[in-house]
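One structure is given below, encoded as structure tokens.
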Amino acid sequence: MTEITIPNFDIALTADSGQCFRFNRTGERDYQLIAHGRVLTVRDLGEGRYLLGCEQGEFEALWRHYFDLETDYAAILSGLPADDAFLQAAARYAGGLRILRQDPWETLIGFIISQRKNLASIKSCMAAISRRFGAPIPGTDAYAFPTPGQLAAATLDELNACALGYRSRYIQQTARLIADGALDLAALDGLPDAAMRAALVTLPGVGVKIADCVMLFGYHRTRAFPHDVWINRVVEREYGGQTPAENLGPYAGVIQQYMFCYARGPAYRPAPDASQANARRGSGNPLA
DNA sequence: AACCAGGGGTACC
DNA sequence: GGTACCCATGGT
């Protein structure tokens, strides 16, 4: 057990932020994270104090970096444009978010699954895949996320049994490309953003939106600004259809998460007229 | 260029 | 107990 203090960290918001699919609330104050082939339990003690179910050495070696504790989020928050009322409100609501430093491979598969699914469904699929194809984590009832080789060996029937729908084919094909070495995910780390995105979208089931999510959450490319339906609504309602991403600087992706979680959460009440206009327009992409 | 595949969890009514 | 909707992509 290790007790740590993290100022301005909202673990409930982060676990449910949609960036990580193996981070769950298990009780009033308790959370379980599966990453690095391990299970980490976290108890929220309040006032920025957290009790981690690991030794100090493991925290320093793995989790300090995973939770991006080296990054000064207070500086990002204080650097937000003061005249942007929506962004200021989003930062007040979601300023406790951190961009976790997740594994690119797991992030890639997670976001291929994410298309046209809600968060609970994505988490359920990721758990099913891990249980069926991943290695059991000793001393727990949890399973590590499968390696590219393990997923590449899966049959379509087995993948379909994980409720992946039409994504089964994408995942099988992508897993084979990674397992065969046709695309080296580790090698992408050295590429500039545009080249990394171009490489990612060559994978089946990966378009620009998914690639941007993998860049932001799997490679910590904080300029990446994924345009999902929630952000598109925000851009339509709050920014007149003009995406603010270009003006948001090196932490645009962090700001995207503030906007995303705020827009999706209960605190955000868009202007009635704009909201109804969008609702009437239906399910289409407002920017399309 | 519109339209649809396939399906599951959940918030709504 | 329906119904709509969800961090889209690729093929027709």
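So you know, we letter chains A, B, ... as the sequences are listed, proteins then strands, and number each from 1.
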Rounded to whole angstrom units, what separation is found between the CG atom of A:Asn160 and the P atom of B:dA5? 16 Å
Nearest whole Å is fine: how far is C:dA8 P from A:Leu119 CG? 12 Å
Neighbour count >12 (heavy atoms, 6.0 Å) for atom OH, A:Tyr251: no
Residue pairs meeting salt bridge (charged side-chain N to carboxylate O under 4.0 Å, His left out), one or both in residues 71-86 of chain A, sequence neighbours left out, come to none
Sugar-phosphate atoms are those with a prime plus P, OP1 and OP2; base atoms are the rest. Using that split, label each nucleotide of nucleotides 7-13 of chain B B, S or - for protein heavy atoms under 4.0 Å, 5' to 3'. BBBS---
Distance check needed: C:dC5 P versus A:Arg264 CZ, whole Å only. 17 Å
Could you list the protein-to-nucleotides 10-12 of chain C atom pairs, N/O on both sides, closer than 3.5 Å?
{"residue": "C:dG10", "atom": "OP1", "partner": "A:Gly205", "partner atom": "N", "Å": "3.2"}
{"residue": "C:dG10", "atom": "O4'", "partner": "A:Tyr170", "partner atom": "OH", "Å": "3.2"}

Would you call A:Arg43 and A:Asp30 a salt bridge, taking side-chain N to carboxylate O under 4.0 Å as the test? yes
Test salt bridge (charged side-chain N to carboxylate O under 4.0 Å, His left out) applied to A:Asp212 - qualifying residues, sequence neighbours left out: A:Arg197
Non-neighbouring partners of A:Asp193 that pass side-chain contact (heavy atoms from CB on, under 4.5 Å), sequence neighbours left out: A:Met215, A:Arg221, A:Arg223
Selection residues 46-59 of chain A - residue pairs positive for salt bridge (charged side-chain N to carboxylate O under 4.0 Å, His left out), sequence neighbours left out: A:Glu3-A:Arg49, A:Arg38-A:Glu58
Inter- and intrachain pairs under salt bridge (charged side-chain N to carboxylate O under 4.0 Å, His left out), touching residues 59-71 of chain A, at least two apart: A:Glu60-A:Arg64, A:Asp68-A:Arg101
Salt bridge (charged side-chain N to carboxylate O under 4.0 Å, His left out) partners of residues 16-25 of chain A, not counting sequence neighbours, each pair once: none
Can you sort out the partners of A:Tyr143 under side-chain contact (heavy atoms from CB on, under 4.5 Å), two or more places apart, ordered by chain and number? A:Ser130, A:Arg131, A:Pro136
C:dA8 versus B:dA1 - spacing of their P atoms, nearest Å: 23 Å
Give each stem of DNA chain C as a range with a range, requiring at least 3 consecutive Watson-Crick or G-U wobble pairs whose two distances are under 3.5 Å. B:2-5 with C:9-12, B:8-13 with C:1-6
What is the distance from CG of A:Asp212 to P of C:dA8, rounded to the nearest Å? 13 Å
Can you run down the ring pair (Phe, Tyr, Trp, His ring centres under 6.0 Å) pairs that involve residues 149-185 of chain A, sequence neighbours left out, and say none if there aren't any? A:Tyr166-A:Tyr170
Say we look at B:dC4 and C:dA4: how far apart would their P atoms be, to the nearest angstrom? 15 Å
Residues that A:Phe86 engages under ring pair (Phe, Tyr, Trp, His ring centres under 6.0 Å), provided they are two or more places apart: A:Tyr262, A:Tyr268
